[in-house]
Amino acid sequence: MLNEWLLSVARFLDAQDWSTQIHESIYLYAWIETTHVLTLMVFLGMLFVIDLRMLGLAFPNVRASTIAERLDKPMMIGLVLMVITGFLLYYAIPVRTTQSLWFRIKVVLIVFAAINAFAFRARMQASVNTWDTDPTPPRHIRMGAAASILLWAGVVVTGRTIAYDWFDCHKELPYAMYWAAGCVDEMAAFASE
Amino acid sequence: MDLYPFFDWLDTSLLADISKAYGGVFAVVQMFHLLGMSVLGGMVLVGDLRLLNVVMRDTPSEIVIENTHKWFGIGLATMIISGIFMSSAVSLKLYYNEMFWAKMSALAVGIAFFYLVRRPLLSVPHEGIRPGVLRLMALTSIAIWFTVAASGRWIGFS
């Protein structure tokens, strides 16, 4: 049901002229992807500085709250630009991307990373006054920072593997893989055999 | 100096055997390449944006800059080691790729600028340096490293 709906949305986007024009342009797609990588450097760069401080591995002589608060704005600017360019990349190739197992895992990891970020921020705000100047924050803060780095590393690697066709719908795959990748037509053919 | 023999050797090395045969290993190494770039970029941006008085204005710029050096080095080393592995998959193709050499040139300029200009200059109290010089250095640094990242992505398009 969900797979059918996602595919119909992707096919609707795919039928639009702008989607085709971005996909087939000589330079525009490349520039959007380049901007995506540059904003990744801004967003992840700021995130890593904050997470490394929360792990006690960087900026030990600067208050943890100072790092988190002062770098929040540039990090969010990077995130917004990354999301916009990311959507444009999806918009240029919507059907294949929707049916990419790696893209789906990437979206799930982004959701987990967002949940972790909100939980991390709440935990930090609740207790930061007791450890703000400590070079090494308490264990639960370090765990949140480590989870953040691991989740975003997962987002990066799954983002990169979208380019590989290992589990594309045209390949011969088990039914579970077709389902996970949202290969609606292949699932129907599988069921009719 | 012609570096062709190095690229020719790399093309038949054990690294090339692994990078050509195992796409999954290549993707994971590429992840480390991007993470190394992000760590390096984060340290460069925090330091340079502080010099430009954009972020962390309530923390002395000397402290901010000093704290970025170690992780800049770790990010750079991660980028270079993973980059050599990635190059081994298509080393002879890269040898003839102009964008690859543009990236290598930008990287060499970035490393030289960081270790021979920026770091020595900023090792003294920043009060003694003209604000215009600090701003120019920060903008140059950001421009160089953004060029490294952008030209790296364009290798795949050229």
Side-chain angles (χ1 to χ4, degrees), chain A residues 25-53 55 57-63 65-75 77-78 82 102 135 149-150 152-166, chain B residues 22-50 52 54-60 62-72 74-75 78-79 86 99 142-143 145-158:
Chain A
S25 70
I26 297 173
Y27 293 117
L28 186 57
Y29 186 84
W31 272 113
I32 293 170
E33 193 158 302
T34 303
T35 309
H36 194 62
V37 172
L38 291 180
T39 53
L40 176 99
M41 195 167 86
V42 176
F43 167 69
L44 271 192
M46 295 297 159
L47 184 91
F48 282 154
V49 174
I50 295 170
D51 284 342
L52 289 171
R53 172 63 184 93
L55 283 168
L57 298 174
F59 292 86
N61 52 351
V62 181
R63 284 176 182 270
S65 62
T66 301
I67 294 280
E69 287 164 15
R70 305 296 184 271
L71 300 186
D72 192 54
K73 198 172 173 182
M75 182 177 73
I77 291 171
M82 199 172 72
W102 298 113
I149 289 177
L150 287 174
W152 283 106
V155 171
V156 169
V157 75
T158 49
R160 188 61 199 87
T161 44
I162 290 171
Y164 294 95
D165 67 351
W166 302 325
Chain B
Y22 302 103
V25 175
F26 187 88
V28 171
V29 173
Q30 200 164 40
M31 173 196 77
F32 280 106
H33 194 68
L34 289 168
L35 295 183
M37 182 193 78
S38 299
V39 170
L40 180 147
M43 296 300 156
V44 166
L45 277 175
V46 168
D48 290 334
L49 291 176
R50 175 62 189 91
L52 291 167
V54 175
V55 298
M56 298 183 71
R57 280 175 288 193
D58 51 357
T59 307
E62 290 90 343
I63 290 178
V64 175
I65 294 292
E66 180 62 33
N67 274 296
T68 62
H69 287 161
K70 178 181 156 193
W71 282 95
F72 174 91
I74 292 172
T78 307
M79 265 175 71
M86 288 160 59
M99 196 51 74
I142 290 171
W145 290 108
F146 268 53
T147 304
V148 173
S151 56
R153 187 62 199 90
W154 274 82
I155 292 171
F157 297 129
S158 57

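Lettering of chains follows the sequences in order, A, B, ..., and the numbering in each one begins at 1. This one's a predicted model, so the numbers in the text were calculated from it and none came from an experiment.
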In short, B/Gly41 meets A/Met41 closest at the heavy-atom pair CA-CG, 3.8 Å
Between the CG atom in A/Asn61 and the CG atom in B/Asn67, the distance rounded to the nearest 0.5 Å is 4.5 Å
Close side-chain approach of A/Phe48 to B/Leu35, heavy-atom, < 4.5 Å: yes
Of the listed A/Ala153, A/Gly159, A/Gly154, the one with the largest count of heavy-atom pairs under 4.5 Å with chain B is A/Ala153
When the 4.5 angstrom heavy-atom criterion is applied to A/Leu71 and chain B, the contacting part is side chain
When the 4.5 angstrom heavy-atom criterion is applied to B/Phe146 and chain A, the contacting part is both
So, the part of A/Phe59 with a heavy atom under 4.5 Å from chain B: the answer is both
Discussion item. Could you check whether any side-chain heavy atom of A/Met46 comes within less than 4.5 Å of a side-chain heavy atom of B/Val55, counting everything from C-beta outward?
Written reply: no
All heavy atoms of A/Thr161 vs all of B/Ala27, minimum pair found to be CG2-CB, 3.5 Å
Measure the shortest side-chain to side-chain distance between A/Pro74 and B/Leu45 over non-hydrogen atoms and say whether it is less than 4.5 angstrom.
no
Okay, A/Trp31 and chain B: the region with an atom under 4.5 Å from a heavy atom over there is both
Output for pair (B/Asp58 CG, A/Arg70 CZ), nearest 0.5 Å, gives 4.0 Å
Among A/Leu47, A/Leu57, A/Val42, the residue with the most heavy-atom pairs under 4.5 Å to chain B is A/Leu57
Counting heavy-atom pairs under 4.5 Å with chain A, the top scorer among B/Val46, B/Leu34, B/Leu40, B/Thr59 is B/Val46
Okay, A/Val157 and chain B: the region with an atom under 4.5 Å from a heavy atom over there is both
Bottom line for B/Val54: the part with an atom under 4.5 Å from chain A's heavy atoms is neither
Here the pair of heavy atoms bringing B/Gly23 nearest to A/Tyr164 is O-OH, 3.9 Å
When rounded to the nearest 0.5 Å, the distance separating CD of A/Glu33 from CZ of B/Phe157 is 4.0 Å
- Compare all side-chain heavy atoms of B/Arg153 with those of A/Leu38 and state whether any distance is below 4.5 angstrom. no
Whatever's closer than 4.5 Å to a heavy atom in chain A on B/Leu49 counts as side chain
| request: Look at atom CZ of B/Phe32 and say whether more than 12 heavy atoms of other residues, nucleotides or ligands are closer to it than 6.0 Å. | output: no
Mind checking whether A/Leu52 and B/Met43 have side chains closer than 4.5 Å, heavy atoms only? yes
Under 4.5 Å to a heavy atom of chain B? For A/Thr34 that would be both
